[in-house]
Structures are given as C-alpha cells and as structure tokens.
Q: 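Mind having a look at this structure? Questions to follow.
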Amino acid sequence: MQFLSDNADLLWSAFLTTLSLAVVSGVCALVLGTVLAGMRVSPIAPLRGLATFYVEVFRNTPLTVVFFFLAFGIVQIDLQFPSRFITAVAALSLYTAAFVCEALRSGINAVPSGQAEAARALGLTFGQSLRQIVLPQAFRTVVPPLGNVWIALAKNTSIAAGFAVTDLTAALQRLANANADQLLAVFAAVVAGYLVITLPSAWLIRVVENRVAIVR
Amino acid sequence: MTSQLAGGPLVQLTGVNKWFGELHVLQDIDLSIDRGEVVVVIGPSGSGKSTLCRTINRLETIQQGEIRIDGEKLPEEGKALARLRSDVGMVFQSFNLFAHKTILENVTLAPTKVRRQSKAQAEQRARELLDRVGVGHQADKYPAQLSGGQQQRVAIARALAMDPKVILFDEPTSALDPEMINEVLDVMTTLAREGMTMVVVTHEMGFARRAANRVVFMDGGRIVEAAEPETFFSNPRSERARDFLSKILNH
C-alpha cells in the first residue's frame with residue numbers, strides 16, 4: 001500500500017491516459033463508423049465499395065500492425081502525427097470504426113424496410129431518411145454489440161503502451177520491472193484501473209438499452 | 001362526379017412493363033387518372049395490383065414505359081425524385097408509422113424536413129388532421145400503443161399533411177381486424193367525397209361501389225377491364241372478372 005501511494009501520481013496519470021485514449025477514440029470511432037455504415041447502405045456504388053474496402057482492411061489487420069504503420073510506416077511518406085497520444089488515438093479510432101460500422105449495419109438491416117419506404121414516400125432524401133428514421137432505430141437495437149465494441153476498445157488501449165504512451169499497462173511494466181517484490185500490488189492497482197472503466201460501462205449499457213428500447 | 005380536366009391527367013402510365021427476374025409482373029399498362037378521380041384497383045393476389053400502385057411513386061422501378069405525375073416524368077433518383085414523391089401520398093398495408101416517433105412527430109416530420117414549415121405551423125396542422133381522422137387525443141403516444149385502425153388513420157393524416165396531389169393506398173385495410181376496417185374506410189370515403197385524387201388497391205368491394213369513379217380489374221400483370229363501378233359489378237365484360245367476382249361476392 002505504501003508503495004502504491006508513493007507512486008500514486010504515476011498511476012493516476014496513467015489511468016487518465018488510458019481513460020482519455022478510450023473516450024476520445026470511442027467518440028472518433030463512433031462518428032467514423034456511423035459515416036461508414038451510411039456509406040455501406042448508400043445507393044451510390046462507389047461509396048459502398050469504398051466503405052466495404054475500409055472495413056475489410058481494418059477489421060482483418062491486427063491492431064498492433066495498425067499502430068506500427070501509423071507510428072513508423074507513415075514517416076516513409078513524410079507524415080507524422082503531432083504526438084504519440086494522437087498516433088494512438090488515430091490507430092484505435094481507425095481500427096474500432098470498422099467494428100462500429102459492422103455493428104451498426106446489422107442494426108440498419110434489422111429496421112423493417114417499410115420504415116425507410118414510408119420516409120422516401122414522404123419525400124425525404126436518402127440522407128434525411130437515414131438520419132431521421134433508419135439510424136435512430138438502428139442505434140437502439142445495437143446498444144449491446146456497441147457496448148462490446150466499447151469494452152474491447154477500452155482494453156485495446158493497452159497496445160499504446162508498446163508505442164511509448166504511458167497508460168496503465170505501461171505503468172505496470174515500468175513499476176513491476178523496477179520493483180519485482182511489489183508485482184502483485186501494482187498488478188491489482190492496474191487491473192482495478194481497467195475495471196473502473198469497463199464495469200460501469202456494462203451497467204451503463206444495460207441502462208441505456210432499457211431506456212431507448214422501442215416497442216413495435 | 002365529374003373530373004376537373006384542368007391541365008390533362010394527373011397520373012399517366014404509358015406502356016409500362018416490369019419484370020421480377022423472369023416474372024413479367026406488369027404488362028403493357030396504360031392508365032390515366034384525372035384530377036379528383038378515385039380509381040380502385042382490384043384483382044386476385046399476384047395480379048400485379050400492389051406493384052402497379054408502388055410504381056407510381058417509384059418505390060418499384062419499371063423497365064419499360066413512362067409514368068408522368070401532373071405532366072412531369074418521374075425522375076429516376078435523387079432530389080428531383082424526392083421532391084416529386086412529396087406530392088404523392090402513400091398509405092401502406094402495414095401502416096409503417098415511424099416506430100421511434102410519437103404520433104404527432106410522425107405527422108410533422110415531413111412538413112418540417114421536406115416543406116421547411118415551422119414546427120409550430122406543422123404541429124397546428126397536424127393536430128387538425130389528427131382530429132379530423134379521430135385520433136387527436138392520441139397525439140403524444142407512440143405507434144405501438146395504438147390499435148391497427150388508429151395507426152392507419154394516423155398514416156392517412158401523415159400523408160395529408162403534405163397536401164399531396166394524389167394519395168396511393170396499397171391494401172390499406174388488409175392488415176386490420178374486421179371491426180377496424182370500417183373506421184379506416186369511412187375516412188377514405190370522406191376524402192374521396194372531398195375531391196382527393198386517389199388510387200386504391202383493395203379487396204373492399206363495398207368501398208369500390210361507394211367511392212370509386214372507376215374500377216380497374218387486373219389479372220396476370222395486365223389491366224383486363226376498367227369501368228364505372230355499377231357497370232363493372234353488375235355486368236363485367238371479361239370472363240376472368242366474372243369468375244373473380246363470383247368467387248368473392250357470393251360469401
């Protein structure tokens with residue numbers, strides 16, 4: 001305990017880094033994933049093709065490889081992110097967006113086709129009918145799978161530790177390496193840090209799911 | 001009832017053909033509907049009557065022929081098609097009210113998003129229309145909380161809120177419990193009397209007799225016969241129509 005309180009500053013800032021990696025990437029992935037899902041059901045074939053290509057590339061590439069490419073690969077084409085944190089956010093967002101897109105697309109497919117037909121028959125454009133009718137109903141049915149994506153993302157942030165971002169996992173490595181006798185204490189603190197993020201999420205997902213449920 | 005002939009037919013289908021794969025579901029359809037006219041389309045299931053109804057606002061595409069609404073050729077897609085659809089109301093067999101929106105929001109959505117009316121203006125009109133179809137007191141409920149007959153009357157109010165030139169009814173009473181059919185047909189009969197142009201696909205022969213200017217009988221993707229209701233029901237010309245009527249009217 002004494003050891004943990006001596007290193008409280010490091011652990012606290014590591015926790016905040018993990019939390020902000022997850023939240024910022026989660027928001028970016030949600031926005032990008034929604035746009036991708038809209039493209040995948042769009043009547044314009046090139047948009048559909050582009051979104052499908054994106055999803056297949058990022059869903060089937062290991063996250064570590066995505067990190068590696070963004071951290072080192074893009075230097076080859078004279079690009080660089082302003083900070084390691086932003087590199088990590090970009091990798092997590094690009095990767096997770098593919099999963100958000102697919103979860104959302106399954107929700108879009110679950111919306112009865114009559115809903116979109118009624119919207120189009122009233123004169124709403126494709127975009128309007130997607131925004132007003134289809135997506136709001138799709139989101140409601142995919143709260144549980146989106147919850148899974150969010151929890152996976154929260155844990156995937158640990159890859160950033162390998163790319164010089166001082167998150168919880170990096171703190172674990174650093175403290176445990178220097179103080180082998182305190183391994184269990186550090187381990188418990190770090191696991192608790194992840195659980196503080198993921199456990200309330202699971203509860204929140206259930207609450208949101210019940211709240212937004214639509215009766216048919 | 002006479003049709004007003006201002007500016008030619010409101011809906012005109014010329015040489016319309018449609019295939020679902022091998023199946024030739026609409027064959028050489030020519031049909032012209034005047035302003036204020038109520039056309040009831042009847043026929044056995046699979047005769048293409050619903051498909052015909054759905055081609056008029058291009059929910060179904062056609063492979064050959066031409067459809068004009070108020071003289072304007074149906075655009076193929078995009079904003080022009082959306083604009084034209086906003087003038088063509090549609091009432092579906094399964095109501096298709098927006099499940100996540102209240103009754104009032106269902107009716108105000110298109111006027112505010114498509115016609116750019118103010119929220120207050122759209123709500124006032126929506127409440128008038130909901131009162132008119134007898135569901136004004138349900139405005140704040142969600143569709144699933146209403147009976148089928150009430151939902152279908154809301155769907156009619158939703159179509160009316162756009163001040164359409166014509167309303168298409170695709171079997172509007174086929175999904176309803178028997179005791180709810182009349183409350184919907186009453187609203188439709190009133191609309192017909194008030195001069196709304198209507199295309200109604202239905203099995204309700206009573207409504208056809210009461211409200212139609214013309215009955216169109218379809219079979220096998222073709223229009224077999226078209227006549228005034230009295231003529232059609234008392235003296236059908238085609239063998240196929242006689243056979244169809246004998247099966248449904250004897251019960």
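Reminder, nothing fancy here: chain letters follow the sequence lines and each chain counts from 1.
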Q: Nearest 0.5 Å, please: how far is CG in A:Leu122 from CE in B:Met162?
A: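 CG of A:Leu122 is found 6.0 Å from CE of B:Met162.
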Q: Using a cut-off of under 4.5 Å on heavy-atom pairs, state which of B:Val91, B:Leu97, B:Leu84 scores highest against chain A.
A: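 Maximum pair count with chain A is reached by B:Leu97.
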Q: So which part of B:Phe98 gets closer than 4.5 Å to some heavy atom of chain A, the side chain, the backbone, both or neither?
A: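 Both parts, backbone and side chain.
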Q: Chain B heavy atoms under 4.5 Å from A:Glu117: which part of the residue, side chain, backbone, both or neither?
A: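 Backbone plus side chain of A:Glu117, per the 4.5 Å heavy-atom cut-off to chain B.
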Q: Hey, is NZ on B:Lys113 packed in by over 12 heavy atoms from elsewhere, all under 6.0 Å?
A: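 Not more than 12 within 6.0 Å, no.
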Q: When you look at CZ of B:Phe20, are more than 12 heavy atoms from neighbouring residues, nucleotides or ligands closer to it than 6.0 Å?
A: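 Count over threshold, so yes.
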Q: More than 12 non-hydrogen atoms from neighbouring residues, nucleotides or ligands closer than 6.0 Å to CZ on A:Arg84, yes or no?
A: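 Counting other residues, nucleotides and ligands, CZ of A:Arg84 stays at 12 neighbours or fewer.
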Q: Should A:Gln128 and B:Val114 count as side-chain neighbours, where that means a heavy-atom distance under 4.5 Å?
A: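 They are in contact (side-chain heavy atoms under 4.5 Å apart), so the answer is yes.
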Q: Should we say atom CH2 of B:Trp19 is surrounded by more than 12 heavy atoms from elsewhere, each under 6.0 Å from it?
A: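 It does: B:Trp19 CH2 has more than 12 such atoms within range.
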Q: For the CG atom of B:Leu109 and the CD1 atom of A:Ile133, what is their distance to the nearest 0.5 Å?
A: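 It comes to 5.0 Å.
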Q: Which residue out of B:Glu77, B:Arg158, B:Arg115 racks up the most heavy-atom pairs below 4.5 Å with chain A?
A: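 Counting heavy-atom pairs under 4.5 Å, the top option is B:Arg158.
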Q: In this structure, are over 12 heavy atoms from other groups packed under 6.0 Å from A:Tyr54 atom OH?
A: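 Result for OH/A:Tyr54: enclosed.
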Q: Near A:Gln76 CD, under 6.0 Å, is it more than 12 heavy atoms from other residues, nucleotides or ligands?
A: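 Counting neighbours around CD of A:Gln76, 12 or fewer heavy atoms of other residues, nucleotides or ligands fall under 6.0 Å, so no.
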Q: Counting N and O atoms only, with roles assigned by atom type, does the side chain of B:Asn57 sit under 3.5 Å from a partner on the main chain of A:Ala121, one being a donor and the other an acceptor?
A: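 Checking the backbone N and O of A:Ala121 against the side chain of B:Asn57, no donor-acceptor pair under 3.5 Å is found.
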Q: How about A:Arg174: does its CZ atom have over 12 heavy atoms from other parts shown lying under 6.0 Å from it?
A: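 Not buried by this count: 12 neighbours or fewer within 6.0 Å.
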Q: For chain B, which of A:Ala119, A:Ser113, A:Pro43 has the most heavy-atom pairs under 4.5 Å?
A: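 The option with the most such pairs is A:Ala119.
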Q: Please confirm whether the backbone N or O of A:Gln132 pairs with a side-chain atom of B:His100, one donor and one acceptor, at under 3.5 Å?
A: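 Judged by distance alone, yes, a pair lies under 3.5 Å.
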